[in-house]
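Input: a single structure, listed below in structure tokens.
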2 protein chains.
Amino acid sequence: MAKAPVLTPQADDFPRWYQDLINKAELADNGPVRGTMVIRPYGYGLWERMQADMDRRIKQAGAQNAYFPVLIPQSYLTREAEHVEGFAPELAVVTHGGGKELEEPVVIRPTSETIINEYFSKWVQSYRDLPLLINQWANVVRWELRPRLFLRTSEFLWQEGHTAHATHEDARDYAAHIHRNVYGDFMENVLAMDVVPGRKTVKERFAGAINTLTLEGMMGDGKALQMATSHELGQNFARAFNTQYLSKDGRQELVWQTSWGSTTRMVGALVMMHGDDNGLRVPPRLAPVQVVVLAIKGDDAVVAKVREIGDRLAAAGIRVQVDDRTDTPFGRRAVDWELKGVPVRVEVGPRDLENGTAMVARRIPGGKEPVVIEALEALLPKALEDDQALLLRQSRERRESRTSDVTTVAEAAEAAVAGGWARIPWSVLGPEGEAELAEQAVSVRCLVGEDGSVPESDDAPGTLAIVSRAY
Amino acid sequence: MAKAPVLTPQADDFPRWYQDLINKAELADNGPVRGTMVIRPYGYGLWERMQADMDRRIKQAGAQNAYFPVLIPQSYLTREAEHVEGFAPELAVVTHGGGKELEEPVVIRPTSETIINEYFSKWVQSYRDLPLLINQWANVVRWELRPRLFLRTSEFLWQEGHTAHATHEDARDYAAHIHRNVYGDFMENVLAMDVVPGRKTVKERFAGAINTLTLEGMMGDGKALQMATSHELGQNFARAFNTQYLSKDGRQELVWQTSWGSTTRMVGALVMMHGDDNGLRVPPRLAPVQVVVLAIKGDDAVVAKVREIGDRLAAAGIRVQVDDRTDTPFGRRAVDWELKGVPVRVEVGPRDLENGTAMVARRIPGGKEPVVIEALEALLPKALEDDQALLLRQSRERRESRTSDVTTVAEAAEAAVAGGWARIPWSVLGPEGEAELAEQAVSVRCLVGEDGSVPESDDAPGTLAIVSRAY
């Protein structure tokens, strides 16, 4: 008799598989207030590793971390017309503080453009103060009616970068640099995710931006997920907050700005991009634990051996965890590590000791084979590299095989509804076709050049629209 | 004619000196909502370095990071009677979300004992799940009527640890371990701060705790600042949230708990502990920038030399920054680095180049002397070590010289009002004396043993009370 599956199979019900996995791999729980989320230690460990790598890249891009208040006067939001229109429906409003009703209600930040511009307008005086490159790691609240853990939550964690530049060109180049070298490179080389860089249509732009750059990933069910965005804000917020500088030739000029963000949604993306019916598969470069060494039985020689192997692998630079909790049945522990997606399990029992071997289970390609214990340090680093490359290749192959080139709006809708992406000339689709697709819950994920480049404008010749359903 | 001082001198007006320093060293600004704070990049850089070191220590103590929602149903707070009484006056209340009035108001977390216990009660089933050791880095909001940047702000950043244990002893030992080995050791060995470990009186305990351990530091004006606290919660929250486990002998038992926190207030403590009339003095082990290499003039040879020195010092493991912004006058830059408290300035001008020397200014002991450029790598690491030790010694000497041993309540009050600490037998002072002192805005900072140990109880023989005014 076949064992009952640990998770709902993806093919049966992808959203339910996702919920099962988040729950059983102990990534997160629903919070008590609608749409909020408790990020459990294993899920938070993934986010922490993302943070560390991204933070290094952000600093390399010259930005410095700072922190702005979570509470923003409601009046700030209204100063930029498109911005308030975009965010007003999602605001959480604080009306009482310290036991009294507040004179002016304050909102919990949904994003920080407004409050940051209030300070930029004080800090920026002269061209010498530019570019001003700031990042913050913070929580934000956007009231969410259809919440889904990690993907859409009323509170999420993120980094938000905010910069001010002397010229349009400098701002444009910086937004592109973050898009490509911070976000794109991180997703490809650390998260092992195939992502498509492109620009958003006017309809899909950030509220208050003149251009939004995005990275779109294809999930296991063929839908798209917006992975991170980098915006050119032009002078919209500078105008609203009077953020000016004295130029070299002595004139007061408005600054040009960017903002860019990436969120805990990336943890959800990791699940939906790399997960399978047995659980998560974590790319080795990200994995908090790359190799787990399990004692099958609790006898002294086995426990001593798994600890010794653990020490040797750690000395070889591998992030390793020893699991000698032998009061929990081995099978349950093995399933748990599989659910959590640890790339390699090294399993050692009394019989293995006699042979001088360990059973090595590879989570990413699958499969299990005995390996001479002495050879582990030499073999595993290479195995982890191969696994990293395999995940990226699999995600790329999926995206390629499930993307169709089409020439009519009807074909585009059909491909998207069937669970894939369609590529269609933007000159054919246009804003009207985009509106038509919206009726079937299909959206333009991004505009790309024929050669995969990011178009300089929506009407650049040869621009293609990638359309699909999305999370 | 003497130059006007950059800061209000400490001796003239210590609180104003503090405000001046926070402002001119660009550590923080007031936020737009009363009591909130914008932490500027230099201030945040100090906090980031504190975080990194503390996070490592917390993980070494076995705790894992996680994240719980910022929004807590108001009803949670009321479940533990003392807790709600302590926090109700400071709450920020969200009444509207997503454009609608909420059915139940939610509060922005002032601390997370309640929401965390809601989840601990789900996660903890058996003795195998214990101890459960969780930490989170987060923002909290406590409405503040008399705000002061870093010291008392309506929103602050902190880490809060929350743990559940099978026995009273295990919880007690863990709270003490965090107190001593995470907080105490960090403050002494990284922040170079003399701190006194002790226990709080019943009056000063955390709302809901059965015991609060504290570290108290003496600031430059002789007042005390509570630096971090570690609480034994007993079974108070376990009872309120029904956090139970199945023991080895098959009985349902309530867990025993701890919580412990340290905040951005430590940045304020750094200023008030080590600052002088010229600005901040940052302990080298903490300093984001340990050595700044300044080009006095903008000629090519000088700029090339400061960059070369910068590279060599970085290669020697020093955190170094090169300042070749020679379009800003040298004097202004030197004052700015002095304000920011960078331990060592290496200043290079055209004349120095001829001599093969650089002027080395030491911020912590003070003084300036020429040093052969080739010798910098060898000399500076030792200088930084000496500076670290000197700061700790100075803070200890201040505390010792400004603490008096007294035997009456009147003498204790007098010493505290004069700007120092008094040590008085707790058997003499007692809760009545404590109430008397409170009338003169003097409080018992902590109880300590005669030998400096932390007493096991308030009435342990020989227990002394340390009393002073406090921030």
Side-chain angles (χ1 to χ4, degrees), chain A residues 26 29 31-45 47-48 64-73 76 88-100 102 104-106 108 115 118-119 122-123 128 134 136 138-139 141-145 154-155 157 264 325 327-328, chain B residues 26 29 31-45 47-48 64-73 76 88-100 102 104-106 108 115 118-119 122-123 128 134 136 138-139 141-145 154-155 157 264 325 327-328:
Chain A
E26 300 182 340
D29 273 356
V33 174
R34 183 174 170 76
T36 62
M37 162 171 69
V38 174
I39 308 179
R40 301 187 67 172
Y42 191 66
Y44 198 82
W47 173 241
E48 267 185 321
Q64 291 183 291
N65 287 336
Y67 187 77
F68 292 81
V70 68
L71 299 177
I72 302 182
Y76 280 28
E90 302 177 357
L91 296 176
V93 186
V94 178
T95 53
H96 292 72
K100 287 189 185 160
L102 302 179
E104 184 194 343
V106 301
I108 303 183
I115 194 167
E118 175 78 5
Y119 288 85
K122 293 174 190 169
W123 298 344
R128 285 192 194 87
I134 297 288
Q136 87 173 352
N139 55 340
V141 170
R142 298 179 186 176
W143 217 263
E144 188 57 64
L145 297 177
S154 293
E155 179 194 15
L157 304 183
T264 34
R325 299 167 301 158
D327 53 351
T328 302
Chain B
E26 299 182 339
D29 274 355
V33 174
R34 182 174 172 74
T36 61
M37 162 172 70
V38 175
I39 308 178
R40 300 188 68 172
Y42 190 67
Y44 198 81
W47 174 242
E48 266 186 320
Q64 292 182 292
N65 286 336
Y67 188 78
F68 292 81
V70 68
L71 299 177
I72 302 181
Y76 280 28
E90 303 177 358
L91 296 176
V93 186
V94 178
T95 53
H96 292 72
K100 288 190 183 160
L102 302 179
E104 184 195 343
V106 302
I108 303 183
I115 195 167
E118 175 77 7
Y119 288 85
K122 293 175 190 168
W123 299 343
R128 285 191 196 85
I134 297 288
Q136 89 173 353
N139 56 340
V141 170
R142 298 178 186 177
W143 216 264
E144 187 59 63
L145 297 177
S154 293
E155 179 194 14
L157 304 183
T264 34
R325 299 167 300 158
D327 54 350
T328 301

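This one's a predicted model, so the numbers in the text were calculated from it and none came from an experiment. All heavy atoms count here, side chains included; hydrogens, waters and symmetry mates do not. Chain A is the first sequence line, chain B the second, and so forth, proteins listed ahead of strands; every chain is numbered from 1.
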Next on the checklist: My understanding is that only one of B:Val94, B:Thr95, B:Val93 makes a side chain to side chain contact (heavy atoms under 4.5 Å, CB included) with A:Thr95; could you say which?
Outcome noted: B:Thr95

Next on the checklist: I need the B:Glu48 CD to A:Asn65 CG distance, nearest 0.5 Å.
Outcome noted: 4.5 Å

Checklist entry - Is it the backbone or the side chain of B:Arg325 that comes under 4.5 Å from a heavy atom of chain A, or both, or neither? => result neither

Checklist entry - Measuring heavy-atom distances to chain B, does A:Arg142 have an atom under 4.5 Å in its side chain, in its backbone, in both, or in neither? => result neither

Checklist entry - Closest heavy-atom contact between B:Pro32 and A:Tyr76? => result CB-OH, 3.1 Å

Item to check | Per-residue contact mode, A:Leu91 against chain B (heavy atom under 4.5 angstrom) | outcome: backbone

Checklist entry - What distance separates A:Leu71 CG from B:Trp143 CH2, expressed to the nearest 0.5 Å? => result 5.5 Å

Checklist entry - For B:Val70, does its backbone N or O pair with a side-chain atom of A:Glu155 as donor and acceptor, under 3.5 Å? => result yes

Checklist outcome for this item: Interface check, chain B: of A:Leu102, A:Leu157, A:Ile108, A:Ile115, most non-hydrogen pairs under 4.5 Å belong to A:Leu157

Checklist entry - Between B:Trp123, B:Phe68, B:Trp47, which has the largest tally of heavy atom pairs under 4.5 Å with chain A? => result B:Trp123

Please tabulate, for the side chains in residues 33-43 of chain B, all donor-acceptor contacts under 3.5 angstrom to protein atoms that are two or more places apart in sequence or on a different chain.
| residue | atom | partner | partner atom | Å |
| --- | --- | --- | --- | --- |
| B:Arg34 | NH2 | B:Leu145 | O | 2.6 |
| B:Thr36 | OG1 | B:Val33 | O | 2.6 |
| B:Tyr42 | OH | B:Lys340 | O | 2.7 |

Checklist entry - About how many Å separate OH of A:Tyr67 and CG of B:Asn139, when rounded to the nearest 0.5 Å? => result 4.0 Å

Checklist entry - What distance do A:Tyr44 atom OH and B:Gln64 atom CD have between them, rounded to the nearest 0.5 Å? => result 12.5 Å

